[in-house]
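Heads up, the thing below is written out as structure tokens.
Scope of the values below: all heavy atoms of this structure, side chains included, with no hydrogens, waters or symmetry mates. A, B, ... follow the sequence lines: proteins, then strands. Residue 1 opens every chain.
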Amino acid sequence: MRAYGADLLTYDEHVIACFLVLGAGEDKITVSWGLNRSLPAGADEAYKEVEVRLCYAPASQADRGWRKTDDDLSKDKTCQFGVAVRPYTTTNSTSFEYELSRELPTATYFIRAYVLDFDGKVVAYGQTTDDRKAADLFEVVEISGRSLSLDIAAGCFSTFSVLLLLLFFVADRRKKAKE
Amino acid sequence: MEEQKKPSSLQIESVAASDTKRFKVPVDSEHKATVFWIFSFAAPHMRAFHLSWFSFFCCFVSTFAAPPLLPVIRDNLGLTRNDIGNAGIASVSGAVFARLAMGTACDLVGPRLASASLILVTTPAVYCTSIINSASMFLLARFFTGFSLASFVSCQFWMSSMFSAPKVGSANGVAAGWGNLGGGATQLIMPLVYELIHIAIGSTKFTAWRIAFFIPGVMQTAAGIAVVALGQDLPDGNYQKLQKAGDKHKDSFSKVFHHAVTNYRAWILALTYGYCFGVELTIDNIIAEYFYDRFDVNLRSAGMIAASFGLANIFSRPGGGWFSDLLSERFGMRGRLWGLWAVQSFGGVLCIILGLMDNLAAAIAVMLLFSVFVQAACGLSFGIVPFVSRRSLGLISGMTGGGGNVGAVLTQLIFFTGSRYSTQKGIALMGVMILACTLPTMLIYFPQWGGMLLGPRPDATEEDYYTAEWSQKERDSSYHSASLKFAENSVSERGKGRDSSTTVPVDTTPSHV
């Protein structure tokens, strides 16, 4: 996890345009990013790397302090999953096909790209949603971790425990009757 | 007529010498052990002790298995802070009534069957925790698993049946302390098992935590089987066998209930226990998060700090029981009462200080000291409970134990839910509440031994106190024989300085000597 030293609030312009294409019902998404063409030339001199991350939308942050957004990037917990880290290039747009991690929880997400300079500090960013984080969000449905074998094992062990108890009850009764 | 009814007990009475040879430890007239040899497994006394503490330990491990794995579980199930808080309250509220029921069950069918049944019947809740997929199922799983904490009552009842008055405080304290240890051990066991499965076997995070829950489940099943297969209710045998032989009269629930709820001492002890054990349960649920948030330690460190609170139980609760017995040797029951009040009140003071600590090292130090005193107070409470009643011992143990859980529910509701109080203010206020709710200890009074502020009545005897729970008709049929024996043996609660070697005068019904 990189240490960010910059305050995100300073950067209130989307300097990077981010686009996202979802595969319907699949586990791959294609993210592309490029410099906002309306900026003056030379704005991107200090840009070295682009770090793309998967971030929680506000709906998935509600009442969950462990996903809280904080203006101090070192304490911010919004973007917990890494997508890609690529060197910054001046081409119109760079894209990356991201295969969703199998350990993502069910939630609403958006993508954010942080641009880092040569010292590793965040100097710019872009995201696939608007400032209020309300548009163009997408949902991921998790892989629950449950399986048929787990269900069967849980059922078997539970029944086994209760059966053993009943067995001992019966054995006790038999012993009592014999005496 | 009595002799025909109880031939076996008469035989035992008349062959006192071969009597003690039957047992591997020294025993008194009720065949309760007069020594407490921790490292022995001698049947039935020490074996009962080990079965008892270990099965209770497993129940604690299961009940608090979820908190250390919450960072993974909350993502898998999409839990909110509200969901987690409610599940935490649910985990300790199930046992409130279960402990009362357990007390009655012990009085009626004996601790062996009562605890084995409870332990085995709650294991499905533990196993099924691995197949849940929503917040409400999480709450239900924690709720039903929490019922198993009622095995505390059978644990204490069993120890009170196996160990004599001078040793019952220590036996109760060690058994319960080593059982409560489970709440700390689980904070280390579960993350370890989870990591083993996640890394060594390669399961995804969301599968690994589910598989991990089979460990507490299997432990609990094994413990329950061991109790029913190897355990024994009383030194002389099991309830069923003794009831059949006429040695043990099968009591009626309504009488047992009446004598428990009309004894004001039981209610006071339920309240004070809510503010030592209840506080311990509350801390088990909130302390890791407190250190994580206030002092910015990482989750693993927070877990280790949380574990150390629970692990202090290995010596602090037993220490309380031992201290109670020590005070009783010199000062009798009055010493036990003063000890409880002083230790628990000091725990309250330390709790207030803990909430005010700003420095991490100081906070940890205060927390450890606080854990020792609050857990010792639990041990001291159960140095007194066995003497409140003989007939309704089980139900009164249940009331006290249930009171502990009520304290946990109330405290979490008032101070640690919603955003009314910050956690540090909540902790400080909890300390004030401990001080207030420990004061009623001053109202407990035993006519034959005295209370904190008043001395004993010169003409009151132990026999009067314990046989008062039986009607004249019941006494005529000698149903109260166990209470009589207990009264004789409890004369030690007079402490030194009073003539504790006088035999209790038998001037009413003739005992079967």
Under 4.5 Å from a heavy atom of chain A, the part of B:F213 involved: neither
Winner by heavy-atom pair count (cut-off under 4.5 Å) against chain A, out of B:T207, B:I211, B:T204, B:I131: B:I131
Taking every non-hydrogen atom, the tightest pair across A:A154 and B:S130: CB-OG, 4.2 Å
Heavy-atom pair count under 4.5 Å with chain A, highest-scoring of B:V218, B:N133, B:T129, B:D83: B:N133
Rounded distance [0.5 Å steps], CG in B:N76 versus CD1 in A:I143: 11.0 Å
Closest contact, heavy atoms only, A:R146 versus B:I132: CD-O, 4.0 Å
Steps toward side-chain contact (heavy atoms from CB on, under 4.5 Å) verdict (A:L165, B:S117): CA-CA 7 Å; A:L165 175 69; B:S117 307; 4.1 Å; yes
Residue pair B:L113 / A:F169, side-chain heavy-atom distance below 4.5 Å: yes
Toward chain A, the part of B:I84 with a non-hydrogen atom under 4.5 Å: side chain
Engaged part of B:A229 at the chain A interface, taking heavy atoms whose separation is under 4.5 Å: both
Heavy-atom side-chain proximity of B:P124 to A:V162 below 4.5 angstrom: yes
Side-chain ion pair, B:R210 and A:D151, N-O less than 4.0 Å: no
Expected output: side-chain B:N82 to main-chain A:D63 donor-acceptor under 3.5 Å: no
Residue A:A62 versus chain B: region with a heavy atom under 4.5 Å: backbone
A:L150 side, atom CG; B:Y127 side, atom OH - distance, nearest 0.5 Å: 13.0 Å
Among the listed options A:E103, A:R102, A:E142, the residue most often paired with chain B at heavy-atom distances under 4.5 Å: A:E103
Contacting region of A:L167 [heavy-atom separation from chain B under 4.5 Å]: neither
Residues B:R112 and A:D172 bridged, charged N to O under 4.0 Å: yes
Straight-line distance of B:L77 CG to A:S144 OG, nearest 0.5 Å: 9.5 Å
A:F160 side, atom CZ; B:I225 side, atom CD1 - distance, nearest 0.5 Å: 7.0 Å
Distance, nearest 0.5 Å, that separates OG1 of B:T221 from CZ of A:F157: 8.0 Å
Chain A contact via B:V72 - side chain, backbone, both or neither, heavy atoms under 4.5 Å: neither
Chi angles and distances behind the salt bridge (charged side-chain N to carboxylate O under 4.0 Å, His left out) call for B:D75, A:R64: CA-CA 10 Å; B:D75 273 346; A:R64 294 177 176 93; over 6 Å; no
Side chain, backbone, both or neither of A:L166 within contact of chain B (heavy atoms, under 4.5 Å): neither
